[in-house]
Amino acid sequence: MGQTRVTSSGEDPRVTELRTAVSRLRRELAGHPAEFSDRGIAEDELAALDAMAVTGVPEIPRLRRSLLLIAGAIGSVSALASALRDVRNAVDLFGEPPRR
């Protein structure tokens, strides 16, 4: 208990899942033809999530903040719903932020 599993590459599997989900959503967003006003926000926050995942030690409150901003920015784009759900599930693997 209290230990984090590590893959054969030495990476936390939650980080691997986050990187995979973020990468998928970034690809789908880049390929989505429609422009919408908050697209830049979604792209910036996906870049921030990717950067946190690369460091290997994401901060849970920051993960959740980025997720909320992304969901708010692209939540009405149904074509991206599945990829967004994958990002949410990956963020949920890190648990809840500590209560204040």
Side-chain angles (χ1 to χ4, degrees):
M1 206 162 164
Q3 294 182 351
T4 302
R5 292 181 321 163
V6 176
T7 63
S8 60
S9 67
E11 186 173 72
D12 181 335
R14 299 173 304 172
V15 171
T16 303
E17 188 71 25
L18 179 63
R19 291 182 74 190
T20 301
V22 166
S23 177
R24 176 181 171 212
L25 183 53
R26 287 178 93 177
R27 279 191 317 272
E28 289 190 19
L29 180 59
H32 190 67
E35 283 300 320
F36 46 94
S37 61
D38 292 337
R39 186 182 193 124
I41 293 169
E43 291 169 344
D44 290 348
E45 290 304 318
L46 284 166
L49 281 178
D50 187 53
M52 283 185 271
V54 168
T55 67
V57 190
E59 297 176 28
I60 295 169
R62 180 68 175 104
L63 285 175
R64 295 206 168 274
R65 179 181 176 275
S66 288
L67 177 61
L68 286 173
L69 289 169
I70 294 165
I74 64 174
S76 64
V77 182
S78 61
L80 302 173
S82 177
L84 178 59
R85 184 177 48 253
D86 289 348
V87 172
R88 180 181 156 246
N89 291 339
V91 168
D92 285 347
L93 293 174
F94 289 90
E96 293 292 321
R99 301 281 181 201
R100 292 184 195 190

D38: partners by side chain to side chain contact (heavy atoms under 4.5 Å, CB included), with sequence neighbours left out = I41, A73
Find out if a path of hydrophobic residues (ILVMFWY) with successive side-chain heavy-atom gaps under 4.5 Å connects [X] to [Y].
| X | Y | result |
| --- | --- | --- |
| L93 | V22 | no |
| L67 | F94 | yes |
| L68 | L46 | no |

Nearest-0.5 Å distance that lies between atom [atom1] in [X] and atom [atom2] in [Y]:
| X | Y | atom1 | atom2 | answer |
| --- | --- | --- | --- | --- |
| R26 | L49 | CZ | CG | 9.0 Å |
| R24 | L80 | CZ | CG | 9.5 Å |
| R64 | E96 | CZ | CD | 4.5 Å |
| L29 | I70 | CG | CD1 | 9.5 Å |
| L18 | E11 | CG | CD | 9.5 Å |

For the student: nearest non-hydrogen atoms of [X] and [Y], plus distance:
| X | Y | answer |
| --- | --- | --- |
| E28 | A79 | OE1-O, 3.9 Å |
| V15 | A53 | CG1-O, 3.2 Å |
| A21 | V87 | O-CG2, 3.5 Å |
| L84 | G75 | CD2-CA, 4.4 Å |

Does [X] use its side chain to pair, donor to acceptor, with the backbone of [Y] at less than 3.5 Å?
| X | Y | value |
| --- | --- | --- |
| T55 | M52 | yes |
| T20 | T16 | yes |
| R39 | A34 | yes |

Taking it one step at a time, do R19 and S23 satisfy side-chain hydrogen bond (donor to acceptor under 3.5 Å, both in side chains)?
-> CA-CA 6 Å; R19 291 182 74 190; S23 177; over 6 Å; no
